[in-house]
Amino acid sequence: MITTRNISRFWEWGRKIICVGRNYADHAKELNNPVPTEPVLFLKPPSAYVTQGSPILVPSYCRDLHHEVELGVVIGRGGTDIPQGSAMDHVAGYALCLDMTARDVQDVCKSKGLPWTLAKAFNTSCPVSEFIPRERIPDPGNVTLWLKVNDQMRQKGCTDQMVFSVPHLISYISGIITLEEGDLILTGTPRGVSAVQEHDELQAGIQDVVTMSFKVNRKEHQ
Ligand SMILES: O=C([O-])CC(=O)C(=O)O
Ligand SMILES: [Mg+2]
């Protein structure tokens, strides 16, 4: 069973990070993307995790690193083809997450029809908060996420604006990728994404539940 005490072990063991894109209409629109009729999925490797105390590293090939604040869902019980009706029984809890995105690289990938791996899956591209037990968020469809850069509010959005709900996403994903204990689902970002620079300080929170902060550094050349 996953608890606050042992969650870091699950993350060290390296479970999957499954990300949902364009799950808020206002964010899809701000990047001139259509609102999807089916969830848009991509993956990050477990090496993308970073926890408070370690910096977010801008990849050497990136000139436009964006923050995306997202609600993360931690899977407690795995499954394949999970019905929506019982999807929440598979949730151990939550984590506040950032889907750090090399936006300039993503734009090139999009224009060439290439995968987003370089834009989304680099080391430290998934800052995460402490584990949030399920009881602390009784309704994941109605919490407010926020993100500040150097004390300036950049993103503030409620999960009631998600195109596809958490149970819908769990059911949909598990029909394609078997979910396992410790997997993390990033559920998409509300509008307000913007660039961060070296030495910036990012702070993010889920109202009344958790806050976290990260510094941005540029990756040293080897
Ligand atoms: O890069 C994007 O815009 C897609 C995405 O991750 C999101 O909507 O959260
Ligand atoms: Mg995202």
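Fair warning: this is a prediction, and the values are worked out from it, not measured in the lab.
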Handout entry: Main-chain N/O of L179 paired with K16 side-chain donor or acceptor, under 3.5 Å
Key = no
Practice task
Could you tell me whether the side chain of V193 reaches within less than 4.5 Å of the side chain of T101, counting heavy atoms only?
Solution key: no
Handout entry: Same cluster (ILVMFWY, side-chain, under 4.5 Å), I185 and F42
Key = no
Exercise for the section: Please say which of I82, D183, D89 ends up in a side chain to side chain contact (heavy atoms under 4.5 Å, CB included) with I170. Expected result: I82
Handout entry: More than 12 heavy atoms of other groups within 6.0 Å of K215 NZ
Key = yes
Practice task
Without swapping roles, check the side chain of S111 against the backbone of V108 for a donor-acceptor pair under 3.5 Å.
Solution key: yes
Handout entry: Side-chain donor/acceptor of T159 to backbone N/O of P140, under 3.5 Å
Key = yes
Practice task
I would like to know whether Y94 and V143 meet side-chain contact (heavy atoms from CB on, under 4.5 Å); could you show each step before the answer?
Solution key: CA-CA 12 Å; Y94 304 91; V143 286; over 6 Å; no
Practice task
Taking R191 for its side chain and G157 for its backbone only, find out whether a donor-acceptor pair lies under 3.5 Å.
Solution key: no
Exercise for the section: Measure the shortest side-chain to side-chain distance between L169 and P39 over non-hydrogen atoms and say whether it is less than 4.5 angstrom. Expected result: yes
Exercise for the section: May I ask you to test the Q52-S213 pair for a side-chain heavy-atom distance under 4.5 Å? Expected result: yes
Practice task
Check whether any side-chain heavy atom of L43 lies under 4.5 Å from a side-chain heavy atom of I18, and answer yes or no.
Solution key: yes
Problem - Under 3.5 Å: donor-acceptor pair, side chain of T189, backbone of V69 - result: yes
Exercise for the section: Check the hydrophobic clustering (I, L, V, M, F, W, Y; side-chain heavy atoms under 4.5 Å; chains of links allowed) and say if F131 and V128 are grouped together. Expected result: yes
Handout entry: Pairwise distance OH(Y49) to CD1(I17) - rounded to 0.5 angstrom
Key = 4.0 Å
Handout entry: Minimum side-chain heavy-atom gap H66-M100 below 4.5 Å
Key = no
Exercise for the section: Measure the shortest side-chain to side-chain distance between V210 and E130 over non-hydrogen atoms and say whether it is less than 4.5 angstrom. Expected result: yes
Problem - Note, V40 side chain near V20 side chain (heavy atom, < 4.5 Å) - result: no
Exercise for the section: With side-chain contact (heavy atoms from CB on, under 4.5 Å) as the test, would you mind laying out the steps for R22 and V163 before giving the verdict? Expected result: CA-CA 8 Å; R22 304 177 186 169; V163 179; over 6 Å; no
Exercise for the section: Find the distance between CZ (R218) and SG (C62) and round it off to the nearest 0.5 Å. Expected result: 6.5 Å
Exercise for the section: Give a yes or no on whether L57 and L65 share a hydrophobic cluster (residues Ile, Leu, Val, Met, Phe, Trp, Tyr; joining criterion: side-chain heavy atoms under 4.5 Å apart). Expected result: no
Exercise for the section: For side-chain contact (heavy atoms from CB on, under 4.5 Å), just list the numbers for L147 and L98, CA-CA rounded to whole Å, side-chain angles, deciding distance to a tenth of an Å, and then say yes or no. Expected result: CA-CA 9 Å; L147 179 137; L98 305 184; 3.5 Å; yes
Exercise for the section: Could you state whether W116 and V58 fall into the same hydrophobic cluster, counting links through intermediate Ile, Leu, Val, Met, Phe, Trp or Tyr residues with side-chain heavy atoms under 4.5 angstrom apart? Expected result: no
Handout entry: Side-chain touch R103/L31, heavy atoms, less than 4.5 angstrom
Key = yes
Without placing hydrogens or testing angles, list every side-chain donor-acceptor pair under 3.5 Å for residues 196-209, not counting sequence neighbours.
| residue | atom | partner | partner atom | Å |
| --- | --- | --- | --- | --- |
| D200 | OD1 | N150 | ND2 | 2.8 |
| D200 | OD2 | Q197 | N | 2.7 |

Handout entry: Under 3.5 Å: donor-acceptor pair, side chain of Q155, backbone of P190
Key = yes
Fill in the blank from the handout: Besides M153, the hydrophobic cluster formed by Ile, Leu, Val, Met, Phe, Trp and Tyr side chains linked at under 4.5 Å, directly or via other members, contains W146
Exercise for the section: Provide the closest heavy-atom pair for D104 versus Y61 in the form atom of the first, atom of the second, distance. Expected result: OD2-O, 4.3 Å
Problem - Worked check of side-chain contact (heavy atoms from CB on, under 4.5 Å) between K110 and N33 - result: CA-CA 11 Å; K110 279 159 75 176; N33 291 312; 3.5 Å; yes
Handout entry: Main-chain N/O of E68 paired to D99 side chain as donor or acceptor, under 3.5 Å
Key = no
